[in-house]
Amino acid sequence: MKQTWKPGTLIYPLPAVLVSCGNCPDNYNMLTVAWTGTICTDPAMCYISVRPSRHSYSLIKESMEFTINLTTEKMAKATDWAGVRSGTEYNKWQQTGLTPVKGQKVSSPYIDESPVNIECRVRQIISLGSHDMFIAEVVNVLADQSLINPETGAFNMQKAGLIAYSHGAYYSLGEQIGRFGWSVKKK
């Protein structure tokens, strides 16, 4: 038996990311985003959805660039804090102790403590209702070299300690249960 609920956003878990923005050190900011994901492989594209009332919204709209920073268990408290405080009232970098580093291909900074930083250029903004969706092309990816297997070149997700967001709570990621195609792989 299933209950019928009103339409809602129950596609969980989601990555809990910090999106960094701003085009110079004087206006660097970050915000926590769970509405994010991949939308195309070639060219590599992704999206973030942000409320127009957020301080970071105007910074992203002005520069048309942002950086998605994956978060870890060690960054969990800072990730939550950056999502409930406004950059108009606080310097989030000082308050969280996270380190902004000048972007390599975009004007927005990346977060040094993040194991993966995805530099993006906005291609389109779509007004959806409570949020606007920034559709962006990925122009650069930075990955922590200590988390890359030197033999395979694969990124070690488990060692990174990435976190996810699910229905109001943060979770560490669990054990790997399989790989793409394992269900049909010949023995």
Side-chain angles (χ1 to χ4, degrees), residues 6-72 75 78-93 95-96 98-143 162-168 170:
K6 68 178 183 166
T9 52
L10 290 173
I11 302 170
Y12 288 114
L14 298 164
V17 302
L18 284 168
V19 173
S20 48
C21 56
N23 55 13
C24 66
D26 290 343
N27 70 2
Y28 283 173
N29 196 42
M30 69 177 107
L31 78 156
T32 306
V33 171
W35 307 127
T36 185
T38 301
I39 56 174
C40 189
T41 302
D42 188 14
M45 294 183 70
C46 60
Y47 80 94
I48 60 171
S49 289
V50 180
R51 290 180 187 272
S53 60
R54 297 287 232 139
H55 174 64
S56 294
Y57 178 93
S58 59
L59 295 172
I60 296 168
K61 195 167 182 182
E62 178 185 319
S63 69
M64 297 296 277
E65 296 178 334
F66 60 86
T67 301
I68 296 173
N69 304 275
L70 300 188
T71 57
T72 65
M75 297 171 67
T79 300
D80 182 65
W81 194 93
V84 296
R85 296 291 187 229
S86 174
T88 59
E89 298 173 24
Y90 296 93
N91 179 321
K92 292 183 182 184
W93 303 100
Q95 295 293 318
T96 62
L98 296 176
T99 310
V101 178
K102 184 180 181 327
Q104 290 187 1
K105 303 260 178 156
V106 296
S107 58
S108 59
Y110 65 87
I111 298 172
D112 196 36
E113 292 80 4
S114 170
V116 177
N117 318 95
I118 304 164
E119 296 182 334
C120 303
R121 281 204 186 99
V122 177
R123 277 202 174 170
Q124 186 178 1
I125 302 170
I126 301 173
S127 294
L128 300 172
S130 63
H131 291 67
D132 284 1
M133 179 187 289
F134 291 87
I135 296 175
E137 185 170 349
V138 175
V139 295
N140 194 32
V141 177
L142 302 160
L162 298 177
I163 61 173
Y165 181 79
S166 186
H167 208 55
Y170 298 93

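- Going from atom CG of Leu98 over to atom CG of Leu18 covers 6.5 Å, rounded to the nearest 0.5 Å.
- Between the side chain of Glu119 and the backbone N or O of Gln104, at least one donor-acceptor pair lies under 3.5 Å.
- Panel note: side chain Thr38, backbone Cys40; no donor-acceptor pair is recorded below 3.5 Å.
- Interatomic distance, CZ of Arg85 versus CD of Gln95, reported as 9.0 Å (0.5 Å rounding).
- Side-chain N or O atoms of Ser166 include none that pairs as donor or acceptor with a backbone N or O of Tyr12 at under 3.5 Å.
- What you find for Tyr57 and Arg51 is that their closest heavy atoms are CB-O, 3.6 Å.
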Stepwise, does the side-chain contact (heavy atoms from CB on, under 4.5 Å) test hold for Ser108 with Ser63?
CA-CA 8 Å; Ser108 59; Ser63 69; 5.7 Å; no
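- With hydrogens and angles disregarded, a donor-acceptor distance shorter than 3.5 Å links the side chain of Asn69 to the backbone of Ile111.
- One N or O on the side chain of Thr32 and one on the backbone of Thr79 form a donor-acceptor pair closer than 3.5 Å.
- For Ile125 against Lys61, the heavy-atom pair with the smallest separation is CD1-CG, 3.9 Å.
- Annotation for Leu128: atom CG counts as buried by contact number, over 12 foreign heavy atoms lying within 6.0 Å.
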_Working note: Ser107 + Glu65, criterion side chain to side chain donor-acceptor pair (under 3.5 Å); need CA distance, chi angles, decisive distance, verdict._
CA-CA 7 Å; Ser107 58; Glu65 296 178 334; 2.7 Å; yes
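- Of the possible donor and acceptor atoms, one in the side chain of Thr36 sits under 3.5 Å from a partner among the backbone N and O of Tyr47.
- The aromatic rings of Phe66 and Phe134 stand perpendicular to each other, their planes meeting at an angle above 60°, with 30° marking the opposite boundary.
- Note that the CD1 atom of Ile68 and the CG atom of Asn117 stand 10.5 Å from one another [nearest 0.5 Å].
- Between the OG atom in Ser20 and the CD1 atom in Ile118 there is a gap of 10.5 Å [rounded to 0.5 Å].
- A side-chain contact (heavy atoms from CB on, under 4.5 Å) with Trp35 is found for exactly one of Leu14, Ile48, Ile11, namely Leu14.
- Interatomic distance, Glu113 CD to Thr96 OG1, rounded to the nearest 0.5 Å: 7.5 Å.
- Between Val106 and Asn140 the shortest side-chain heavy-atom distance does not fall below 4.5 Å.
- Separation of atoms CE (Met30) and CH2 (Trp81) is listed at 8.5 Å; rounding is to 0.5 Å.
- Scanning both residues, Cys21 and Pro109, for their nearest heavy atoms gives O-CD, 3.6 Å.
- Across all non-hydrogen atoms, the minimal contact from His55 to Ser86 is CB-OG, 4.1 Å.
- Of all heavy-atom pairs between Gly22 and Leu59, the closest is N-CB, 4.3 Å.
- Partner Ile60 forms a side-chain contact (heavy atoms from CB on, under 4.5 Å) with one of Asp132, Asn23, Val122 and no other, that one being Val122.
- The heavy-atom pair separating Leu70 from Pro115 by the smallest distance is O-CD, 3.5 Å.
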